[in-house]
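Notes follow the structure.
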Protein chains: 6
Amino acid sequence: MNPLIKDRLMDYLKEDVGFGDLTSNLILEDLEAKAIIIVKEDCIIAGLEEAKSLLELLGCKLKPFFKDGEYVKANSIVAEVRGKAKILLMVERTLLNLLMRMSGVATVTRRAVDLVKDINAKVKVACTRKTLPGFRIFDKRAVEIGGGDTHRLRLDDCILIKDNHLKLLSLELAIKKAKEKVSFTKKIEVEVSNKDEAVKAAKLGADIIMVDNFTPEGIKEVVDELKKLNLRDKVILEASGKINFENIKDYALSGVDVISLGFITHSARAIDFSMELS
Amino acid sequence: MNPLIKDRLMDYLKEDVGFGDLTSNLILEDLEAKAIIIVKEDCIIAGLEEAKSLLELLGCKLKPFFKDGEYVKANSIVAEVRGKAKILLMVERTLLNLLMRMSGVATVTRRAVDLVKDINAKVKVACTRKTLPGFRIFDKRAVEIGGGDTHRLRLDDCILIKDNHLKLLSLELAIKKAKEKVSFTKKIEVEVSNKDEAVKAAKLGADIIMVDNFTPEGIKEVVDELKKLNLRDKVILEASGKINFENIKDYALSGVDVISLGFITHSARAIDFSMELS
Amino acid sequence: MNPLIKDRLMDYLKEDVGFGDLTSNLILEDLEAKAIIIVKEDCIIAGLEEAKSLLELLGCKLKPFFKDGEYVKANSIVAEVRGKAKILLMVERTLLNLLMRMSGVATVTRRAVDLVKDINAKVKVACTRKTLPGFRIFDKRAVEIGGGDTHRLRLDDCILIKDNHLKLLSLELAIKKAKEKVSFTKKIEVEVSNKDEAVKAAKLGADIIMVDNFTPEGIKEVVDELKKLNLRDKVILEASGKINFENIKDYALSGVDVISLGFITHSARAIDFSMELS
Amino acid sequence: MNPLIKDRLMDYLKEDVGFGDLTSNLILEDLEAKAIIIVKEDCIIAGLEEAKSLLELLGCKLKPFFKDGEYVKANSIVAEVRGKAKILLMVERTLLNLLMRMSGVATVTRRAVDLVKDINAKVKVACTRKTLPGFRIFDKRAVEIGGGDTHRLRLDDCILIKDNHLKLLSLELAIKKAKEKVSFTKKIEVEVSNKDEAVKAAKLGADIIMVDNFTPEGIKEVVDELKKLNLRDKVILEASGKINFENIKDYALSGVDVISLGFITHSARAIDFSMELS
Amino acid sequence: MNPLIKDRLMDYLKEDVGFGDLTSNLILEDLEAKAIIIVKEDCIIAGLEEAKSLLELLGCKLKPFFKDGEYVKANSIVAEVRGKAKILLMVERTLLNLLMRMSGVATVTRRAVDLVKDINAKVKVACTRKTLPGFRIFDKRAVEIGGGDTHRLRLDDCILIKDNHLKLLSLELAIKKAKEKVSFTKKIEVEVSNKDEAVKAAKLGADIIMVDNFTPEGIKEVVDELKKLNLRDKVILEASGKINFENIKDYALSGVDVISLGFITHSARAIDFSMELS
Amino acid sequence: MNPLIKDRLMDYLKEDVGFGDLTSNLILEDLEAKAIIIVKEDCIIAGLEEAKSLLELLGCKLKPFFKDGEYVKANSIVAEVRGKAKILLMVERTLLNLLMRMSGVATVTRRAVDLVKDINAKVKVACTRKTLPGFRIFDKRAVEIGGGDTHRLRLDDCILIKDNHLKLLSLELAIKKAKEKVSFTKKIEVEVSNKDEAVKAAKLGADIIMVDNFTPEGIKEVVDELKKLNLRDKVILEASGKINFENIKDYALSGVDVISLGFITHSARAIDFSMELS
């Protein structure tokens with residue numbers, strides 16, 4: 001297991017347990033128990049692998065009945081867990097919170113992916129860095145499980161020159177410095193706010209161009225212009241800003257390569273799960 | 001500042017920054033900058049105090065124009081920040097993610113609180129432990145800012161005997177053991193699923209009774225029965241399960257003292273904020 | 001195992017071991033050994049469960065011959081341990097320090113509990129937050145093992161309005177604010193220094209009243225007054241301050257519900273243990 | 001400041017504060033306050049420097065009226081503290097626990113040191129590794145403040161071959177291996193249980209010989225024998241085991257260089273302190 | 001400052017200081033001192049910025065007389081430091097170790113960069129992940145200061161399909177899966193061992209091709225073939241393996257874009273520095 | 001295993017892995033694999049024990065074919081590893097970096113030890129505190145494996161009064177204070193720059209005298225003078241400064257007890273290792 005995941009899982013548990021689970025401590029020390037995890041809504045399930053790791057770290061076992069990424073019907077039993085009753089009850093909330101959040105993110109991601117796929121299977125749906133603080137590795141994983149693209153993991157990941165940067169240095173200078181100072185292993189992305197900037201960024205050798213807050217029509221114009229200049233194949237076009245389930249198909253039709261959505265992580269509705277001892 | 005908050009804020013920043021903000025490193029080392037934080041939607045603002053702490057930890061300054069808990073109109077400038085341009089850009093996403101989430105939680109909490117207050121100002125709206133893993137201290141604080149009750153902070157906080165516990169030991173035994181083994185400084189709460197259990201729990205001396213998945217009518221019956229037995233004043237009644245904005249007023253009318261809602265933390269929609277360098 | 005306990009145990013060991021146990025490193029790498037843990041004084045034993053956890057974290061085994069909380073005679077063998085000789089010798093001091101301290105706290109707690117029980121089995125003996133820095137979870141556990149009440153675990157646990165707070169806000173305001181701002185899951189305790197304050201606190205709805213530095217007679221007057229006002233059953237009375245083994249029976253007779261003692265944690269004498277390889 | 005001390009102080013505070021000081025949070029955010037720290041018993045004060053560091057880490061100030069190691073009369077004001085009222089109240093318990101413990105250790109150490117000094121000012125009083133888990137750096141510092149010797153800080157500090165080691169390898173082999181494998185910067189100490197072993201250890205080149213559980217007379221015989229063999233100046237003699245305030249002067253007279261005492265750390269009675277807001 | 005850097009610097013200091021600098025503690029508590037940092041060899045200096053941060057974290061000051069990346073003559077005073085004498089002496093070794101290592105890495109990197117620049121200024125010199133465990137952020141920074149390329153920071157950075165991976169899945173499948181499963185923000189690099197593989201990787205759309213253990217002639221053949229197929233501009237060519245100061249110019253002439261060298265981090269000779277109090 | 005080693009190993013891995021090994025994640029989850037570790041150069045191998053621990057922490061196995069400290073020929077298979085393919089590939093670089101560095105340090109240490117042993121087997125070769133930040137425990141261990149002496153582990157280890165200290169207090173005062181204030185378990189070392197100081201230090205009772213930057217002849221004069229004064233047996237003489245493979249035999253002949261070398265840790269060339277899946 002990735003050692004970062006282990007650390008985070010234990011941090012989450014410590015956050016919830018503190019000095020101990022007063023209620024479960026009322027239960028006999030050695031009592032073994034079995035429980036089932038039930039999902040209460042249709043969803044794309046995510047987090048089973050992490051839930052399994054969490055239980056194993058505590059000397060318990062989780063047997064999953066689905067694989068992360070599968071579509072699961074409401075009221076399905078998604079896993080069986082076994083271990084000391086005290087431990088299962090102590091970990092219950094952390095376990096469910098993890099499944100609820102990750103499945104929530106995966107489900108909304110999959111919905112976006114499916115809408116886009118209807119139009120053009122080559123267009124990717126990506127998330128952003130608008131993840132929950134302290135939970136990024138799991139939010140990004142849930143997006144992946146949902147079929148989405150994780151985009152930048154961190155600020156050390158790839159270059160993304162945004163409007164705020166461009167207030168401090170010109171596009172030309174920013175790209176020039178990036179090419180000089182930043183590793184050849186990194187892509188350079190530029191956020192642009194109009195067609196001219198998009199074309200300029202492409203000419204300067206940006207790898208990715210984020211057309212931010214463009215209409216689908218505005219994007220088409222960019223695409224056409226880039227094609228005219230023989231630059232379309234040299235760049236990845238990413239649409240971002242004000243895209244939702246109503247207009248996402250229009251964006252998928254606009255000719256972009258990637259559609260990025262903040263809400264699939266920052267506002268994902270949790271999926272309801274419960275644990276029932278038997 | 002609470003030292004735990006400081007730790008968490010720095011953890012969130014480290015999660016996003018990694019080995020460094022490659023893009024902002026292109027900017028002149030010593031350049032000082034100023035920026036404004038703008039909210040894009042009407043909301044109850046929350047997290048300004050934490051945002052201020054985060055910036056101070058990095059040698060920057062944040063001047064808030066509102067207080068946490070105030071109602072703020074879309075497009076308001078909520079704060080001004082100053083510091084090294086590189087640092088402001090490095091911290092931007094962490095700062096905004098914090099404000100977005102906390103204001104999201106506070107806003108949905110306030111909405112519930114206001115609906116309930118229309119009916120009965122004495123009824124409290126509480127959250128649960130269904131918070132985002134690793135973010136509980138901030139989720140609980142946002143609920144508080146929204147006017148809600150934080151409920152149990154952790155498993156070591158108060159006793160809450162739930163259905164899963166009752167599969168392993170009887171209500172009588174559970175309460176008896178809790179009274180013997182758990183500190184007198186702790187309250188004892190019991191989750192019940194029907195009127196008889198509610199009455200029994202009250203008779204056994206539970207401090208709080210959670211009527212879980214009851215209809216408002218079902219709750220009224222419990223209230224009447226408790227009154228009849230002269231037990232109503234001895235317990236706090238908490239309604240929980242399947243309560244939403246449609247039916248919350250009915251629950252507020254049912255005679256309970258507290259209405260607890262999982263969704264105000266597990267599924268809060270983020271409020272949109274942005275930072276603009278000037 | 002509670003993950004916090006695991007962390008603490010390893011921290012204690014790291015504190016003692018540093019770069020390695022130079023002396024035990026002189027011993028053959030693979031040599032297996034067996035040892036016994038002997039207690040040198042009559043005591044209430046505590047910490048065996050934690051000692052077992054510590055050894056298991058290092059791949060060794062501990063077989064206890066007593067249960068935490070039992071009365072053990074001087075020179076009893078309390079446990080047998082097995083594992084690599086190097087590891088057993090490396091962990092010896094940490095293991096014994098843990099047992100010595102926890103048994104020390106449990107033993108003095110039990111002595112107080114027994115004295116009180118002779119008078120009134122319903123009166124609880126509680127510790128305070130005067131625990132050893134960095135050792136609270138174990139100090140509180142040892143009190144529990146000794147038969148005592150753990151009282152507040154932390155400052156986020158329940159409200160305790162003390163004299164210092166009352167210099168900054170009135171009793172009325174403090175309780176009013178606490179009821180408004182603090183979760184219904186928390187009890188409100190007030191420290192009072194005379195009968196009038198005690199009565200006032202009870203009238204204002206405090207859950208617990210700490211009569212601080214009262215004589216037993218002073219407490220009796222409070223009890224009588226509260227009874228007269230029909231408030232006695234509404235509050236828990238806790239006596240605190242200047243209580244020792246000489247006068248504790250008088251306090252037990254005074255009509256309080258709880259007697260809290262700082263010295264059972266801040267000044268507990270350690271019980272002598274040793275480990276002997278065989 | 002030693003960075004380890006900073007870490008520990010913040011750990012102790014986090015242990016006590018958790019999600020926040022619910023009671024002090026009732027107090028006005030910006031209220032500044034002043035308080036005095038009073039000692040309730042005659043003592044050797046210790047921990048003022050650490051207390052100062054703790055307050056400074058929180059943006060408060062402590063002005064000490066004594067120096068660590070001074071003899072202080074009961075009811076003296078030992079320091080004045082200033083800062084936000086909320087912060088002072090939040091840190092109060094951690095601050096006092098630190099002073100109480102460290103002054104307790106320093107006071108009992110000084111008492112032993114003074115008794116020994118009456119007999120022979122060259123004989124050192126040392127503590128052991130029987131310190132409170134997680135608190136060693138402060139316990140050792142308190143011993144130092146009390147005039148004692150800190151002895152081994154950790155297992156990587158110097159070689160100390162004890163009875164348990166000698167069950168696994170002979171004294172000859174142990175010392176030989178130690179001389180070969182362990183750095184020349186480390187001293188080699190051997191615990192012996194009779195005169196012959198003491199002489200043998202001295203002949204083998206041990207730097208320090210711990211005569212464990214010897215009577216003062218037994219020690220004198222060892223001293224005489226070593227003198228006869230011209231080895232007395234080559235070794236440091238440390239008496240250990242069953243030494244208390246009744247017999248310590250006899251040990252001081254026995255001819256040893258060092259008297260080590262476990263109880264000055266494992267069983268030190270705390271000194272009573274309080275903080276009073278003005 | 002990047003919060004990770006702060007953490008690491010304090011970890012390094014804690015590693016060296018332990019319970020305290022026994023020797024410097026002999027010096028008067030309040031004595032202020034000034035010292036100079038002298039370099040003993042010609043070098044490219046690196047680490048001054050980090051050294052400054054380290055001293056500021058301890059309340060001391062460092063005034064640099066050079067900038068990181070400058071060529072400095074032997075025996076130059078590179079910085080002046082001021083602060084409490086005890087603190088300066090406590091931090092001395094950590095400070096110097098940092099400068100010695102970082103300047104060592106920067107110096108050897110610059111030497112390689114200069115040799116390559118003589119031939120072709122467009123060819124980059126890169127390091128690898130063969131950095132010292134626990135020191136990567138500083139090793140990578142030192143390479144950057146020396147004029148080199150940092151290459152992958154971590155395993156989550158870009159895809160690098162190596163020979164070991166190709167034993168488990170085919171090149172086609174590896175690239176296909178990478179394109180499907182890995183974010184569009186990541187480049188895909190493939191390590192190849194002959195011309196055919198190189199061509200195949202280029203055809204499959206790899207962004208970077210690492211020609212591992214090729215002779216300069218072998219690389220030229222790859223370059224020619226790629227040009228013939230019109231693929232040369234589509235890929236970055238990285239030469240790796242068995243490149244040293246003797247043959248690096250031949251590689252620079254071979255037509256590659258990047259030359260990567262493990263030894264500039266894994267075997268950098270330290271540059272000698274000293275600190276002298278005045 | 002020493003818990004500090006476990007922590008460090010996991011820290012190193014986390015440093016390299018981040019959010020995950022993107023490349024190895026392309027490989028089938030459950031695929032088991034076997035690989036061999038090959039050394040590419042003649043060396044003294046070191047780090048096998050640590051490598052074994054690292055793999056076991058991840059649920060893999062390492063079977064060593066040599067023991068740490070053995071001389072190994074180029075192209076030998078030094079170990080076989082087994083486990084999940086994904087995990088083996090994830091840990092590969094951290095594992096090899098550890099072996100490369102530790103074997104590099106052990107090899108250069110052994111070379112020095114062998115040169116000295118030719119002259120005088122009683123003279124020890126020691127390293128210094130010029131280790132890589134964050135890697136000290138492993139650097140010191142590698143020196144030990146190479147046959148060297150670890151010298152001071154930390155600043156809390158023994159007293160070493162250096163030139164910078166002697167600018168702030170006299171040699172007499174420094175040694176006097178050290179004897180008074182520092183534990184009898186610690187040795188006192190003094191760095192001297194001429195014969196007179198060396199003699200003075202010996203007379204004052206220093207345990208170790210470091211003759212810094214002396215010629216072999218200069219050292220002989222010190223030795224002769226000390227013999228004349230009957231002090232030679234009372235002190236350990238350590239030569240330090242400007243000693244290299246050319247002149248080390250002269251120093252070994254000079255009459256010192258210890259020769260300390262900074263370069264065996266600060267500038268050790270790494271030994272090349274690789275891992276090959278089968």
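Computed from heavy atoms alone, side chains included, the values below leave out hydrogens, waters and symmetry copies. So you know, we letter chains A, B, ... as the sequences are listed, proteins then strands, and number each from 1.
Around atom NZ of F/K181, more than 12 heavy atoms belonging to other residues, nucleotides or ligands sit under 6.0 Å away. Annotation: E/K52, atom NZ; neighbour count of heavy atoms from other residues, nucleotides and ligands within 6.0 Å does not exceed 12.
Expressed to the nearest 0.5 Å, how far CD1 of F/I159 lies from OG1 of E/T23 amounts to 4.0 Å. Rounding to the nearest 0.5 Å gives a distance of 6.5 Å between CZ of F/R93 and NZ of E/K162. Taken to the nearest 0.5 Å, the CG atom of F/L98 stands 10.5 Å off from the CG atom of E/L132. Rounded to the nearest 0.5 Å, atoms NZ (E/K186) and CG (F/L22) are 5.5 Å apart.
Residues that satisfy the side-chain contact (heavy atoms from CB on, under 4.5 Å) test with E/N25, not counting sequence neighbours, are E/K86. Scored by the side-chain hydrogen bond (donor to acceptor under 3.5 Å, both in side chains) test, E/D7 finds B/K14 as partners (sequence neighbours excluded). Residues forming a salt bridge (charged side-chain N to carboxylate O under 4.0 Å, His left out) with E/E15 (at least two apart in sequence, or on another chain): F/R8.
Of all non-hydrogen atoms in F/V182 and E/L26, the two that sit nearest each other are CG2-CD2, 4.1 Å. Between F/G134 and E/Y12, the closest heavy-atom pair is N-CD2, 3.4 Å. The two residues F/A85 and E/L168 make their nearest non-hydrogen contact at CB-CD1, 3.7 Å. Considering every non-hydrogen atom in both E/P133 and F/N97, the closest pair reads CG-CB, 4.1 Å.
Residues from residues 261-271 of chain E that place a non-hydrogen atom less than 4.5 Å from a non-hydrogen atom of chain F comprise E/H266, E/S267, E/A268, E/R269, E/A270, given in numerical order.
Your options are E/L153, E/L160, E/L96, and the one with the most heavy-atom pairs under 4.5 Å with chain F is E/L160. Contact count against chain F (heavy-atom pairs under 4.5 Å) is highest for E/H165 among E/M90, E/R101, E/H165.
Applying the salt bridge (Lys or Arg N to Asp or Glu O under 4.0 Å) test between F/D16 and each of E/K140, E/K130, E/R129, E/R152 identifies E/R129 as the sole match.
Contact annotation for F/L31: only side-chain heavy atoms (C-beta onward) come within less than 4.5 Å of a heavy atom of chain E. For F/E92, the part sitting under 4.5 Å from any heavy atom of chain E is the side chain, from C-beta outward, and nothing else. Residue F/D157 touches chain E through its backbone alone, counting heavy-atom pairs closer than 4.5 Å. Using a 4.5 Å cut-off between heavy atoms, F/S24 touches chain E through backbone and side chain atoms alike. Within the 4.5 angstrom heavy-atom criterion, atoms from both the backbone and the side chain of F/K177 approach chain E. Contacts of F/D21 with chain E are made by both backbone and side-chain atoms, with heavy-atom separations under 4.5 Å.
The shortest side-chain heavy-atom distance between E/I27 and F/L169 falls under the 4.5 Å cut-off.
Judged purely by atom type and a 3.5 angstrom limit, F/N164 uses its side chain to pair as donor or acceptor with the backbone of E/M275.
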